[in-house]
**Q** 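Shown below is the structure under consideration.
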Amino acid sequence: MHESSTQIPIKKGQRFADALGRKDGEIVAARFNGSLFDLSSISPSDGTFEPVNVHSKDGMRILRHSAAHLMAQATLQIYPKARLNAGPPTEDGFYYDIMMDPISSEDLGNIEKAMKKLAEENIPIVREEKSKDDLLRLFHDNPFKIDKIRDNVPDGSKSSIYVQGNFKDFCTGPHVPSTGYLKNVKLLSLASTNYKGDEKREKLVRIYGTVFPSDKELKDYLKMREEALKRDHRKVGQEMDLFVFSSERAPGFPLYTPNGTIIRNELIAFMHELNARNGWQDVSTPHIFTDTMWKQSGHYAKYKDNMYTFEFKDGTGYAVKPMNCPGHITIFEREPHSYRDLPVKYSEPGQVYRYEKSGEVGGLTRPRTFTIDDGHGFMRADQLVDEIKSIIEMTRETFRLLGESKLDFELSVMDEDQPENYLIEYVCQKCGTVFHARKVAGEGELQCPSCGSDEISPDLSKWKEATESLRTALKESGIVYEELKGEAAFYGPKIDVHVADAIGRKWQCSTIQVDFMMPINFNLQYVNQAGKKENLVMLHRAVFGSYERFMAILIENFAGNLPTWISPMQVFIAPVSEKYLEYSEKVLADMLKKGIRAHLDRGTDTLNKKLKMIRSKRPSYIVVVGERELESGNITVRNRKNEQKEMTVSGFMDAISMEIRERSPVQAI
RNA sequence: GCCACUGUAGCUCAGCAGGGAGAGCAGCUGAUUCGUAAUCAGCAGGUCGGGGGUUCAAAUCCCUCCAGUGGCUCCA
């Protein structure tokens, strides 16, 4: 991205465009005193401004926001009855939400055509200041805009609209100077959404598109998008024969083939070692528990609709587990714990089942059963920071498996203005009882469970302490993170790590959650130094997140060309002809004996054909055996970069074994 | 769950203004015994997602259900 820091002097009352002097199609706005202005705007005072290049982050946002307006203009031309809601820029394009009759992807072409025509006409985009009353009058036939004007413009003050030809939109801008800047647009997809994300509100059509400063950049982007689709784990998984879905027998439930199971097992083995090194003990729990447990844990109250439940013929209610924590708690509870024992940390590859609504299921990133590398730590509050730091370090080590990958850390904290969303500690002012509760909307005021008084006051100190522990751990680990207010789980604050897939969608992988609820629900305590029982804190953590989702990201990250240690086919042996089968069998047997996942092609195809056909299975190394090798007793090895080398069998096996042992992301040969 | 699109052989896809269900690859058989991204020939393979309707006749038109894809909502 192009970031400039050139400063240009400007006088009060002068237009930015005039001060800029030269005509430069790359400059789309001006930054003055930290705010963005249209080039056609007048400077409010003397000073200097920075020209905003279209290739800068702000420049692209302005370009895309302007393209959203252009799309709205074109849409209104074709569908005059349409009503616009909002059209912001996104990370790689823009969208506009519009209330209109559903349209099809063919209609998108027409809108795009109309947009290009308007861009060709190079219509000036003009900002106009209007009073609130004028705004309400101008947009009287659009309830969404009226809402926005009422919400955002204080009485008696002014705001702006942007006008291009016969089109106007309520908007603070800034925008590019004219529609001519928006020639390289492409409409990408259609979706539906509801006003304010509320499914009870109006249904809107969302049209996605993108725009670039030049035709070449647009073409490059579209090409990149196409390439990304080829890396989709569902496609690669099919080619490599890793998993299957049976839409009739198990919709949304992945079944792993032998190849896929190899990847899964390697990941599980990695996590087993990482856990052991960090003091997490392996446990194993059943998939089904009686409903008494789910009632106690609170899962029934909140998630019963998303759980697979059934009643056995003896009348007992059961549920397939949607989470592993109650199981781990059941193990923890088996004996009393001294403060000296803590932390106690249990982990397991715990397979859970959650009913995801039909439109939400998809591939391995959102299946209906998945296996969490689930860990539950039982500890004292003073141990939180160190334990969280340790998990953060585990996260870093784990994601190094992907080579270069960008991790987004998020800290989700409570919104203190909405205490009803959280489980909070309350103190009764009358009798002094301390209790935990979650205010439920519409259920009236909370009362003290022992004296019935409603003179109770919330005590947020535990929440604050937990949040501060997470913050401290992040800071001391040197992590740059984003803090999201109101995103905390109802039982505690959390850290989430997001990783992007092939098409740029962000998926939550690692998570570290402080939990107040479970220790209360299950009355989990330890005996302190004074011999008194004390509440403990629970830490839920997953490093991969789920094996399914991590596998998807792993596949997409490497486009299926996995590091050798986790590659289902580490070596593919291709004899030049059947004459060399006997020698090939010997080479294969040697490798299998060493634990190398080698596969021999015993078919009668030509060498060319064998190599062509195995391509989609993405073997780490290809070994060719023919007359030369038979005579020398060697093999010819070809790596992923298509580099060839003749080696002794033992030399190759030593090198690849080392590579596998080290879980190296790069090839040794 | 909501909106749009899609569903034909193991895979990729053609056929769809109604009238014989097709191709390439994979598979099987035979010939070829081959040096780094497809040797040749033959054979076999399908309830056209399921159900209902319109029609003399439906893969094709209509309705409905299911599933998949992209979004929205949700994601303990």
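Within every chain, numbering begins at 1; the chains are lettered A, B, ... in the order of the sequence lines, protein sequences first and strands thereafter. Here the structure is a predicted model, which is why all the values come from computation and not from measurement.
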**Q** State whether K579(A) and E627(A) are salt-bridged, where the test is any N-O pair (Lys NZ or Arg NE/NH1/NH2 against Asp/Glu carboxylate O) under 4.0 Å.
**A**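 E627(A) and K579(A): not salt-bridged.
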**Q** For R234(A), report the nucleic acid contact type (base, sugar-phosphate, nothing); a contact means any heavy atom under 4.0 Å.
**A**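 Result for R234(A) = sugar-phosphate.
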**Q** Of K645(A), Q644(A), E629(A), which meets side chain to side chain donor-acceptor pair (under 3.5 Å) against T636(A)?
**A** E629(A)
**Q** Can you figure out which of rG1(B), rA4(B), rG71(B) approaches the side chain of Y208(A) most closely?
**A**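 The answer is rG71(B), which lies nearest to the side chain.
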**Q** Both distances under 3.5 Å, Watson-Crick or G-U wobble: report the partner of rA58(B), or none.
**A** none
**Q** So does R505(A) get a side-chain nitrogen or oxygen closer than 4.0 Å to the phosphate oxygens (OP1/OP2) of rG71(B)?
**A** yes
**Q** Between H540(A) and Y491(A), is the ring centre distance below 6.0 Å?
**A** yes
**Q** With both distances under 3.5 Å as the test, what is the Watson-Crick or G-U wobble partner of rA9(B)?
**A**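 Per the H-bond distance test, none.
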**Q** Heavy atoms only: give me the nearest Y353(A)-F253(A) pair and the separation to one decimal.
**A**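 That closest heavy-atom pairing would be CD2-CE2, 3.9 Å.
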**Q** Between rG20(B) and rU60(B), how far apart are the P atoms? Round to whole Å, please.
**A**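 Nearest-Å result for rU60(B) against rG20(B) at atom P: 13 Å.
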**Q** Assign V205(A) to base, sugar-phosphate, or nothing according to its heavy-atom contacts below 4.0 angstrom with the strands shown.
**A** nothing
**Q** Hey, do the aromatic rings of F399(A) and F550(A) have their centres closer than 6.0 Å?
**A**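 Here the rings of F550(A) and F399(A) have centres that are less than 6.0 Å from each other.
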**Q** Between E248(A) and K302(A), which is nearer to the 5' end of RNA chain B once each is assigned its nearest nucleotide?
**A** E248(A)
**Q** Given the P atoms of rC43(B) and rG52(B), what is the spacing between them in whole Å?
**A**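 One P to the other, the span is 36 Å.
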**Q** What nucleic acid atoms does S577(A) come within less than 4.0 Å of, heavy atoms only: base, sugar-phosphate, or nothing?
**A**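 Since a base atom lies under 4.0 Å of S577(A), the category is base.
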**Q** Whole angstroms only, please: what is the CZ-P distance between R368(A) and rC75(B)?
**A** 17 Å
**Q** Determine which nucleotide pairs with rC75(B), using a 3.5 Å limit on both distances of a Watson-Crick or G-U wobble pair.
**A** none
**Q** What's the gap between rC74(B) and rG15(B) when it is taken at their C1' atoms, as a whole Å value?
**A** 41 Å
**Q** Regarding K304(A) and the six-membered ring of Y300(A), is the cationic atom NZ or CZ under 6.0 Å from the ring centre and inside 45° of its axis?
**A**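 Judged by the rule (NZ or CZ under 6.0 Å from the ring centre, within 45° of its axis), K304(A) counts as positioned above Y300(A).
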**Q** NA contact type, G298(A), heavy-atom cut-off 4.0 Å: base, sugar-phosphate, or nothing?
**A** nothing
**Q** Check the distance between rA4(B)'s P and N194(A)'s CG and give it to me in whole angstrom.
**A** 12 Å
**Q** Could you tell me how far rC40(B) sits from rC61(B) if I compare only their P atoms? Round to whole Å.
**A**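 It comes out at 38 Å once rounded to the nearest Å.
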**Q** Strictly by Watson-Crick or wobble contacts shorter than 3.5 Å, is anything paired with rA26(B), and which nucleotide is it?
**A** none
**Q** How is F245(A) classified with respect to the nucleic acid when contacts are heavy atoms under 4.0 Å: base, sugar-phosphate, or nothing?
**A**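 No contact.
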**Q** P atom, rG71(B) versus rU64(B): distance in rounded Å?
**A**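 The same atom, P, in both gives a distance of 27 Å.
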**Q** May I have the distance from I372(A) (atom CD1) to rC75(B) (atom P), rounded to whole angstrom?
**A**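 Taking atom P of rC75(B) as the reference, CD1 of I372(A) is at 15 Å.
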**Q** Compute both the distance and the angle, then confirm whether R206(A) meets the cation-pi test with Y95(A): under 6.0 Å from the six-membered ring centre, within 45 degrees of the axis.
**A** yes
**Q** rC75(B) base to R366(A) side chain: any donor-acceptor pair below 3.5 Å?
**A** yes
**Q** What is the nucleic acid contact for Y491(A), judged by heavy atoms within less than 4.0 Å: base, sugar-phosphate only, or nothing?
**A** sugar-phosphate
**Q** Partner of rU47(B) by Watson-Crick or G-U wobble geometry, both contacts under 3.5 Å, or none?
**A** none
**Q** Could you tell me how far apart L188(A) (CG) and rA4(B) (P) are, to the nearest whole angstrom?
**A** 20 Å
**Q** Given salt bridge (Lys or Arg N to Asp or Glu O under 4.0 Å), test E202(A) with R83(A) step by step and report yes or no.
**A** CA-CA 11 Å; E202(A) 296 85 338; R83(A) 288 292 171 269; over 6 Å; no
**Q** Separation of E356(A) atom CD from rG1(B) atom P, in whole Å?
**A**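 My rounded result for the distance is 12 Å.
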**Q** Between rC74(B), rA76(B), rA67(B), which one does the side chain of Y303(A) approach most closely?
**A** rA76(B)
**Q** Name the pairing partner of rU69(B), where a pair is Watson-Crick or G-U wobble with both distances under 3.5 Å, or state none.
**A** rA4(B)
**Q** Indicate for each nucleotide in nucleotides 9-14 of chain B, in 5' to 3' sequence, whether protein heavy atoms under 4.0 Å reach the base (B), only the sugar-phosphate (S), or nothing (-).
**A** --SS--
**Q** Any chance you could measure L484(A), atom CG, to D415(A), atom CG, to the nearest 0.5 Å?
**A**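 Reported value, rounded in 0.5 Å steps: 12.0 Å.
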**Q** Using both distances under 3.5 Å as the test, list the Watson-Crick or G-U wobble partner of rA31(B), or none.
**A**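 Pairing partner: rU39(B).
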**Q** Counting C-beta onward and ignoring hydrogens, is there a side-chain heavy-atom pair between K196(A) and D147(A) closer than 4.5 Å?
**A**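 Counting from C-beta outward, K196(A) and D147(A) do come under 4.5 Å.
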**Q** Using side-chain heavy atoms (C-beta onward) and a distance below 4.5 Å, is E333(A) in contact with L524(A)?
**A**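 The answer is yes; the side chains approach within 4.5 Å.
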**Q** Give me the distance, rounded to whole Å, that separates rA41(B) from rC48(B) when you measure between the P atoms they each carry.
**A** 32 Å
**Q** Can you tell me, in whole Å, how much space there is between the C1' of rU47(B) and that of rG7(B)?
**A**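 So the two C1' atoms sit 15 Å from each other.
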**Q** Taking protein heavy atoms under 4.0 Å as touching, what does nucleotides 35-43 of chain B look like 5' to 3' if B marks base contact, S marks sugar-phosphate-only contact and - marks none?
**A** BBBBB----
**Q** Would you say the rings of F652(A) and Y621(A) are close, in the sense that their centroids are separated by under 6.0 Å?
**A**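 Yes: the rings meet the under 6.0 Å criterion.
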**Q** Rounded to whole Å, please give me the gap between CD1 in I207(A) and P in rG70(B).
**A** 20 Å
**Q** Base, sugar-phosphate, or nothing for G603(A), non-hydrogen atoms under 4.0 angstrom?
**A** nothing
**Q** Roughly, in whole Å, what's the span from CG in L108(A) to P in rC3(B)?
**A**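 Those two atoms, CG and P, are 18 Å apart.
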**Q** Within the structure shown, what part of the strands sits under 4.0 Å from K357(A) by heavy-atom distance: base, sugar-phosphate, or nothing?
**A**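 It contacts base atoms.
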**Q** Now, which nucleotide makes the Watson-Crick or G-U wobble pair with rA17(B), with each of the two distances under 3.5 Å?
**A** none
**Q** How many whole angstroms separate atom CD of E360(A) from atom P of rG1(B)?
**A** 9 Å
**Q** Check for me whether the distance between the ring centres of Y303(A) and W294(A) falls short of 6.0 Å.
**A**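 That pair fails the under 6.0 Å test.
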**Q** Can you tell me, in whole Å, how much space there is between the C1' of rG46(B) and that of rA14(B)?
**A**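 One C1' to the other, the span is 15 Å.
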